[in-house]
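Remarks on the structure that follows.
Reckoned from all heavy atoms, side chains included, excluding hydrogens, waters and symmetry mates. Throughout, a chain's letter reflects where its sequence line sits, starting with A, and its residues are numbered from 1.
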2 protein chains.
Amino acid sequence: MEEQFIDFDNSLGPWLGKTVKVIQYYLHKGFKEAGLDLTKEQMIVLKRLHSHDGLNQNELALLVLRDKSSLARLLSKMERKNYIIKVQCTDDKRCNNLFLTDVGREVFKKTRPIINEIINKIETDVSKEEKQIMISVLKKIQSNFGESFSTI
Amino acid sequence: MEEQFIDFDNSLGPWLGKTVKVIQYYLHKGFKEAGLDLTKEQMIVLKRLHSHDGLNQNELALLVLRDKSSLARLLSKMERKNYIIKVQCTDDKRCNNLFLTDVGREVFKKTRPIINEIINKIETDVSKEEKQIMISVLKKIQSNFGESFSTI
DNA sequence: TTTAGATAGTTGCATATGCAACTATCTAAA
DNA sequence: TTTAGATAGTTGCATATGCAACTATCTAAA
């Protein structure tokens, strides 16, 4: 069939994958060099709670595109480091509201310059038009895979 | 500083990251639904060996952007499943040449339609021009992070 | 008011990852 | 020819991930 002849190496998938790997490598490296005890994944959680304090685990898991079990373990580590706290919901004993601690807020603040540097590096020599096209295509790709992802 | 005001959520990094996560989710799902005993990571190794049989572990690790220790363990699992074999280099006892087995080749063949479907899904409603811009910007981003990555 | 099904979060298991330290081997320079 | 440094691959450790099965709790319908 026609299918056999799709050019895998020049399709968007591998290019996207490789680019993200490169970015993640330098992000982790940046945190390490700044002496921050933090992974990229934990940073994303801090970021979300920073703008949406009080989410419960299920809500947060949806936002960060992670399985709730994976997130639960991530949160445990962050709780041990005193970056976040879990507070049992008042109206539902099963559920926890998540909050940044002052320590967590402080750590997040320290990631700012590192993240900004990475963003600047990513977008070096990328024009406004190119950036706009990138984002619109990325949105399109996400929505090609179904509504569930397009709203995140 | 100016730095504080960079718009994290609308920068390329998070958009790229999310998109890749969505793609990977459906790729894994596709393999599972087809009954293939294979992860995305193992598929990438099969793909590389398919076009470059005989690479050693260090060479392959560079190509797939993985730490050699991570790759070593990936290869062990694939060797156990009889997808690949390691053959000690004739001229250097430290080094292994890696080869696909017939089983590995067969499994890789079976991933083809799944991968093609994902690629088609990704590129739905993405014009040739958009795709070209995407790839050129992704290349640019990779090279922004240094020569070491730009050639992979 | 009982209870079946839904929901929030956890745990077991298997996979994947990178760094640092290690072994075995090779190579190039004294 | 010896040997110091380089190189290929492995192992220990800590992290991250998703699926399936689980517990505790809640909710809506009989």
Inset, instruction - Just jot down the side-chain hydrogen bond (donor to acceptor under 3.5 Å, both in side chains) partners of B:N82, sequence neighbours excluded, or say none. - result: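 None.
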Legend entry - Test side-chain hydrogen bond (donor to acceptor under 3.5 Å, both in side chains) applied to B:K29 - qualifying residues, sequence neighbours left out: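 Applying side-chain hydrogen bond (donor to acceptor under 3.5 Å, both in side chains) to B:K29 gives none.
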Legend entry - Strand DNA chain C in bracket notation, Watson-Crick/G-U under 3.5 Å with | for pairs to another chain: ||||||||||||||||||||||||||||||
If you look at every strand shown and take non-hydrogen atoms under 4.0 Å, does [X] touch a base, only sugar-phosphate, or nothing?
X	value
A:E59	nothing
B:L71	nothing
A:Q42	sugar-phosphate
A:T39	sugar-phosphate
B:K29	nothing
B:R73	base

Legend entry - Pairs meeting criterion disulfide bond (SG atoms under 2.5 Å apart) with involvement of residues 88-122 of chain B, two or more places apart: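 For residues 88-122 of chain B, and leaving out neighbouring residues, the disulfide bond (SG atoms under 2.5 Å apart) pairs sorted by first residue read B:C89-B:C95.
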Inset, instruction - If a pair satisfies disulfide bond (SG atoms under 2.5 Å apart) and one of its residues is in residues 36-65 of chain A, list it, with sequence neighbours excluded. - result: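 Checked against disulfide bond (SG atoms under 2.5 Å apart) - neighbours excluded - no pair reaches residues 36-65 of chain A.
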Legend entry - B:Y26/B:K121 under side chain to side chain contact (heavy atoms under 4.5 Å, CB included): CA gap, chis, key distance, verdict: CA-CA 10 Å; B:Y26 283 98; B:K121 201 142 203 170; over 6 Å; no
Legend entry - Upstream residue (5' side of DNA chain C) when B:D91 and B:K40 are each assigned their closest nucleotide: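 So the residue in question is B:K40.
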Legend entry - Which residue lies more 5' along DNA chain D, comparing A:L38 with B:K32 via nearest heavy atoms: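 The answer here is A:L38.
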Inset, instruction - Return the 5'-most residue of the pair A:D67, B:N56 with respect to DNA chain D, ranking by each residue's nearest nucleotide. - result: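 Per heavy-atom nearest nucleotide, the more 5' residue is B:N56.
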Legend entry - Under the side chain to side chain contact (heavy atoms under 4.5 Å, CB included) test, residues paired with B:R105 that sit two or more places apart: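 In terms of side chain to side chain contact (heavy atoms under 4.5 Å, CB included), with neighbours along the sequence ignored, B:R105 is linked to B:H50, B:D53, B:L100, B:D102.
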Inset, instruction - Please list, chain by chain and in numerical order, all residues satisfying side chain to side chain contact (heavy atoms under 4.5 Å, CB included) with A:K81, sequence neighbours excluded. - result: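 For A:K81, the residues satisfying side chain to side chain contact (heavy atoms under 4.5 Å, CB included) (neighbours in sequence not counted) are A:D37, A:Q42, A:Y83.
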Legend entry - Close approaches to DNA chain D from residues 92-103 of chain A, in residue order (heavy atom, under 4.0 Å):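 DNA chain D contact set from residues 92-103 of chain A: A:D92, A:K93, A:R94.
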Per-pair distances, 0.1 Å, donor-acceptor, side chain in residues 64-71 of chain A, under 3.5 Å, sequence neighbours excluded:
residue : atom : partner : partner atom : Å
A:R66   : NH1  : A:V64   : O            : 2.7
A:D67   : OD2  : A:S69   : N            : 2.9
A:D67   : OD2  : A:S69   : OG           : 2.5

Inset, instruction - Under 4.0 Å from any heavy atom of chain B: name the first and the last nucleotide of DNA chain C that qualifies, 5' to 3'. - result: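 Nucleotide range with atoms under 4.0 Å of chain B: C:dT15 to C:dC26.
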Inset, instruction - With sequence neighbours left out, write down each residue that passes salt bridge (Lys or Arg N to Asp or Glu O under 4.0 Å) with B:E41, or none if nothing qualifies. - result: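 Salt bridge (Lys or Arg N to Asp or Glu O under 4.0 Å) check on B:E41 returns nothing, list empty.
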Legend entry - Non-neighbouring partners of A:H28 that pass ring-ring contact (aromatic ring centres under 6.0 Å, His included), sequence neighbours left out: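 None.
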Inset, instruction - Could you tell me whether a side-chain N or O of B:N96 sits under 3.5 Å from a main-chain N or O of B:K86, the two making a donor and an acceptor? - result: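 Answer holds: no.
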